[in-house]
Structure formats: structure tokens, C-alpha cells
Amino acid sequence: MIGIGASLRLVLYLTNNSVIMDEARVAVNVLSRSYLDLLPPLDHDQSAPIMFLWSVKALTDLFGPGEFALRAVALASGIGTLLLSYPALRHPIGPPAAAIATSLLAMSPGLVQYSATAKQYGLEAFVTLVLIKLTFDVLRAPTSGSIRWLLLGGMVAPWASAPAGFVLVSIVGALGLRWSGPGGWGYKVALKAAALWGCSYLLAYGLVYRYASQNPYMQRFWEPAFLTPENPDAASQFFRVMRGLLWGGLPEEIHATSGDIIRDTLVLFTTIGLATYASVGFARLRQAGGPSAAVAVVGPILLAAGASIAGFYPFSRRLMLFALPLLALLVGAGIAAAFSYSRSSRQRTAHGIVVALVLFPPFLTACLTGIAKRASARTLISASHPERRGGEPIYISPASIPEWTYYTTDWNNPDRPRLALLNRVARPGGPSFENAPSRDSVPMGTGVDLIWPSSTGDEILGLATGIELRAGEGNPETRTDRGWLTNESARIQAAAAPGVWVLLKTPYGPEIELLDAVERAGGHQTHSLVLRGIVLARYEFP
């Protein structure tokens, strides 16, 4: 299964999909800043562990600004998780259960996806697995060497993973439960770990994570994902996230929606089965490793939920991917324990069929994730350059601006004023931010100054549509602001000389109506190329 999991990750990585919006924003920060300048606040209100950013920057410095270099850290984290999972989980739950847990991680849809995505979530899962291995090495054989490695790993972890704090607190609790008592050396280790790790995390928080936690846009975006009592959807949000995690970090963009009875029944059956195995695995882990093992594994999940209830940490699938190794451990232990309860070959065969039925949907999802094709902004942006005649202007929709910035900037000699403008208008609060809340209406003439006079043709930066997506809310209200279509089609018409290009990304759907509005304004389409939700079109006006 390690080979299959590695193959899925490599195939997705080598497919070299076009960068998505968040990857482009990370890339712009990494490629336009020095190492020291990668400390927050970052452009586009991005947030990531500094070790992740520095590692990505080092690779792009060595190998250039291409997608392979941007995603190499994510791939290394994904492969590292596969290679480390069996030795890390073997001692707390036994070889058979560790093999099952390793298979679950190998076929995790979320970990497959983030092994070829320039974001930090796969690294956070890897950090959790490293800490769990170091912890169980100490619990199994508390030598001075194993303790030193655990203390060192705990000091480094906050700089590579924001949710590592939940894991570290749980480890301190596990050490205290295992070796309590005033004269016990384990008690002293727990105190030393709490002091060293606490100082390291507080420093990392102050330098790196504080900006995101206090960012107004981040607070608004993540508000529906907090499990606070005032959130009426808190219970369903908790179960949606846990369902996605039990499925192996089901990617949010392909999560199951309601409406299909067969599909919903399959999702419910699989989720109940996985949750049952996790419960049995918890009982087996507590029996085999004692309370300390149970606290080390379950504690981070409970702490994250508690922090979300207190309004400090959003309970979202991507932010909870760090807990996947812990859930895989529990499910693997539960499946192995259930097999051990089977007394006859007939019972084992029947149980094997049940396990196959429970695990097949997540495994299939992982395979589909591993061969998934993303929206190809790169292809359309590349196609626009030779096609634009005599430097004709191009209208760039708000959702296309991050990828446009990444793919059209000469990173060997970047145009700093242009980057500053694109960052200013396309960041939260800017007029071209694609996820801005509704303004209700857009007066005619809005955004006439949103133009960059490029040597290859004016870049007309689109206004925000007013369609806002917030975490945990599902599909947003799919209606553009009143007057947006008329205003933007007028801007496109005014720029035509006589032709004008339109690069339009349609993440929500209604944005495509802009092309109809341009034609109603008199535009005649002379060129069109459509690839997975992105349109490149040319119009001429009489």
C-alpha cells in the first residue's frame, strides 16, 4: 500500500497541474520576498509556518519559480508520512494494526491532494506523526537519548505546524500520567517539556501566527467554522468535518452533498463503520498503552474541538488534517482488534467483506484525487500572449488575478510597482478581491482606474462580484451584485481597440453571465477557449 500511495502522490505531482489560487498567493509571497520578509504580515493575507515558507523559498532559489519547486516540500512531506507511519505506529498498536493504519494514510484523499499542493497541510500531518513516534519511543523506552529527541522535536514543531500546539499539550499530559509523583524523573521531563515547548510556541505565535488570528478577514471567513454556542450550525459542522476526516481528509471541493439517496446512504454507512472502528481502536489503545497512550492520541482532537468552542481555532477539514495520523491509528487498531475477535474462518471472511465495503469508497476517492485535473489557468494565460494582437488589452476577472500574477511576472526581474498594485487591489478589502462580501449594488463607472498599462497591453483588473464564500457554509449565495454585469461589460467595451480579451474564472457559476452582457453591449466574439471553469475570449466592438 505504501507503493500505491506513493504512486498516487507522484502521479499527481508529475501531472504538474496549474497552480490554484491559494498556491499562487503563496508563490507570490515566496518569490517576491527575502527570507526575513517572509515573516508576517504577508501579501494577500496569507499565513503559513515559517519553516514551510523558508523551505519552499530555498527550493525555488535553487530550481527556479516553477510548480515542481513550489510543491516539492508538500511532496516530501507526503512521502515522508508514508515511510514513517509504520515504524511510528507499530509499537503503540502492534504490527497488524500499524499496517492497516499505514494503508489508510497511503490512500488518504486529503493527504494525496496536499502532497501536490503548495500549502502546509501535508507538512502538519507529517509533524504530528514525528511527534507521536518520538512520544511512544519515550513511553516504550525512556532513555536519555529518546527524551532528548522528543524535547528537541517539540521545540522545532511549532515553527513547522501551527496545530502542533495541540499535540504538544497532549504529550505533556501523557508524560505526566505515565510518570506522576514529586520524585519521579518522568514528572520532571513533563515539566521541562512544558517549559521548553511553551516558550517555543509562544515565540512562534508572536512572530508568525498572531497576525492571522487577529486578521479581520480571516476572522470573518472562518467564523462559521467555529463550534461556538452561538453558531446554530455548530453540531452539523462538527459532524461534517469528522466525516471528512474519517474518510481520510476528504477534499472539501469534492465532499458529498445531500440529495442522492444511494450516495447519502453509502456515505452514512461508511462514516458509521469508520467511527465504530475508531471507538474500538481507542479502547484497544487504552488497554494496551494505558491512559498515557490514549491522551497522546485523542488529546489533540479534543483540544482542537475545545479551542474551536472557545472561538480560537476553526474546526475545518484542511485545518484538522494534522490529526489524520491519529485517526488512522485508531481506525487501524479497531479493525485489527475486530479481526482478533473473530473465532472462525467464516467470521473472519465476513468481517473482511465488511471492512472492504467500509474502506472502498474512501480508497476510490483517493484514486480519483490522485488523477484529478484542476482548472488550467496556466494554459489559457500562456495562450493569451501570442494571440493578443498589437498589445490588445485584457480584462482579468478577480478570481483569475492571483494566477495571472504568478504566471505573467518575470521573477528574475519582477516589476515591483505592478506587484504592489496587484497585491493592493486583490487582497481582502481591495476592490478586486474575489471573495469580498456583497455591496448590494455597483454604481456605473466604478473601477475605471483599475488598469495597469503593461507593455504587452493594458491589464484591466475586474471588480469583485459580491459572491462570498465562508468556511463551513457550503455553496454561497450565487448572485452577483446588482449592476456588476453592466459596469464590467461597459469597462470591457471602453477598453476595446477594437479588440479586447477576457480571462474569466467562474468558481461559483454566475460570473459566466458577464460574457452574455458583453455580447448584449455589442461585442462580437472572435475567439474562445474554455478549460475547466476558465474562459479566454476575444471580442470586437463596432
(message) Strictly distance-based, threshold 3.5 Å: is any side-chain N or O of T486 a donor or acceptor partner for the main-chain N or O of G483?
(response) no
(request) Please report the shortest heavy-atom distance between A69 and F63, naming the atom on each side. (result) CB-CB, 4.3 Å
(request) Please report the closest heavy-atom contact between Y209 and P49, naming both atoms and the distance. (result) OH-CB, 3.6 Å
(request) Please report the closest heavy-atom contact between S432 and P398, naming both atoms and the distance. (result) O-CB, 3.2 Å
(request) Taking atom types as modelled, find out whether S34 and D37 have a side-chain donor-acceptor pair closer than 3.5 angstrom. (result) yes
(message) Set out, in order, the CA-CA distance, both residues' side-chain angles and the distance that settles side chain to side chain contact (heavy atoms under 4.5 Å, CB included) for I50 and L38, then state yes or no.
(response) CA-CA 7 Å; I50 194 63; L38 284 173; 4.1 Å; yes
(request) Measure across V241 and F315 and return the closest heavy-atom pair with its distance rounded to 0.1 Å. (result) CG2-O, 3.2 Å
(request) May I ask you to check whether R418 and T409 show a side-chain donor-acceptor distance below 3.5 Å? (result) yes
(message) Let me confirm one number: the CG-CE distance from D45 to M218, rounded to the nearest 0.5 Å.
(response) 6.0 Å
(request) For F239, look at atom CZ and say whether over 12 heavy atoms of other residues, nucleotides or ligands are found less than 6.0 Å away. (result) no
(message) For Y205, I'd like to know if atom OH has over 12 heavy atoms of other residues, nucleotides or ligands within 6.0 Å.
(response) yes
(request) For the pair S489 (side chain) and V518 (backbone), establish whether a donor and an acceptor sit closer than 3.5 Å, ignoring hydrogens and angles. (result) no
(request) Under the side chain to side chain contact (heavy atoms under 4.5 Å, CB included) rule, what do S18 and T379 come out as? Steps first, then yes or no, please. (result) CA-CA 8 Å; S18 174; T379 301; over 6 Å; no
(request) If the plane angle is over 60° it's perpendicular, under 30° parallel, otherwise tilted; pick one for F166 and Y313. (result) perpendicular
(request) Give a yes or no on whether a salt bridge exists between R491 and E488, defined as a side-chain N under 4.0 angstrom from a carboxylate O. (result) yes
(message) For a quick check under 3.5 Å, do W484 and T446 share a side-chain donor-acceptor pair by atom type?
(response) no
(message) I'd like to know if K505 pairs up with E434 as an ion pair, taking the criterion as any Lys NZ or Arg NE/NH1/NH2 lying under 4.0 Å from an Asp or Glu carboxylate oxygen.
(response) no
(message) Has T60 got a side-chain atom pairing as donor or acceptor with V56's backbone, closer than 3.5 angstrom?
(response) yes
(request) Verify, without hydrogens or angle tests, whether R416 (side chain) and S32 (backbone) share a donor-acceptor contact under 3.5 angstrom. (result) yes
(message) Are V127 and V156 packed together at the side-chain level, in the sense that at least one heavy-atom pair is separated by less than 4.5 angstrom?
(response) no
(request) For the pair N435 (side chain) and L469 (backbone), establish whether a donor and an acceptor sit closer than 3.5 Å, ignoring hydrogens and angles. (result) yes
(request) Just do the ring pair (Phe, Tyr, Trp, His ring centres under 6.0 Å) check on F312 and F226 with the steps written out, would you? (result) CA-CA 8 Å; F312 295 122; F226 288 109; 8.6 Å; no
(request) Of all the heavy-atom pairs spanning A471 and W222, show the shortest one and how long it is. (result) CB-CE3, 3.3 Å
(request) Look only at the side chain of T506 and the backbone of I512, and say whether a donor-acceptor pair between them is shorter than 3.5 Å. (result) no
(request) Please tell me if the side chains of S77 and V73 come closer than 4.5 Å, counting only heavy atoms from C-beta onward. (result) yes
(request) Would you name the heavy atoms of T81 and G122 that are closest together and state the gap between them? (result) OG1-O, 4.4 Å
(message) Apply side chain to side chain contact (heavy atoms under 4.5 Å, CB included) to residues R470 and R220 and explain how you reach the verdict.
(response) CA-CA 8 Å; R470 297 204 294 168; R220 175 175 173 79; 3.8 Å; yes
(message) Would the distance check show the side chain of W197 and the main-chain N or O of P158 forming a donor-acceptor pair, the cut-off being under 3.5 Å?
(response) no
(message) So does G445 get a backbone contact from the side chain of N487, meaning a donor-acceptor N/O pair under 3.5 Å?
(response) yes
(request) Nearest 0.5 Å please: distance from the CG atom of L419 over to the CH2 atom of W452. (result) 9.0 Å
(message) If I take atom CD from residue E23 and atom CZ from residue R71, how far apart are they, to the nearest 0.5 angstrom?
(response) 4.0 Å
(message) Nearest 0.5 Å, please: how far is CG in L450 from CD1 in I460?
(response) 10.5 Å
(request) Kindly compute the distance separating CG (L504) from CG (L380), expressed to the nearest 0.5 Å. (result) 10.5 Å
(request) Give a yes or no on whether the backbone of I401 and the side-chain of T405 come within a donor-acceptor separation of less than 3.5 Å. (result) yes
(request) For T228 and G311, indicate whether the former's side chain and the latter's backbone hold a donor-acceptor pair under 3.5 Å. (result) no
(message) Less than 4.0 angstrom from a charged side-chain N to a carboxylate O is my criterion; do R25 and D43 meet it?
(response) no
(request) Find the distance between CG (L514) and OG (S397) and round it off to the nearest 0.5 Å. (result) 8.5 Å
(message) Angle between ring planes, Y114 versus Y121, binned at 30° and 60°: parallel, tilted or perpendicular?
(response) perpendicular
(request) Report the C-alpha separation of S161 and L123 in whole Å, then their side-chain angles, then the decisive distance to 0.1 Å, and conclude whether the side chain to side chain contact (heavy atoms under 4.5 Å, CB included) test is met. (result) CA-CA 7 Å; S161 168; L123 176 61; over 6 Å; no
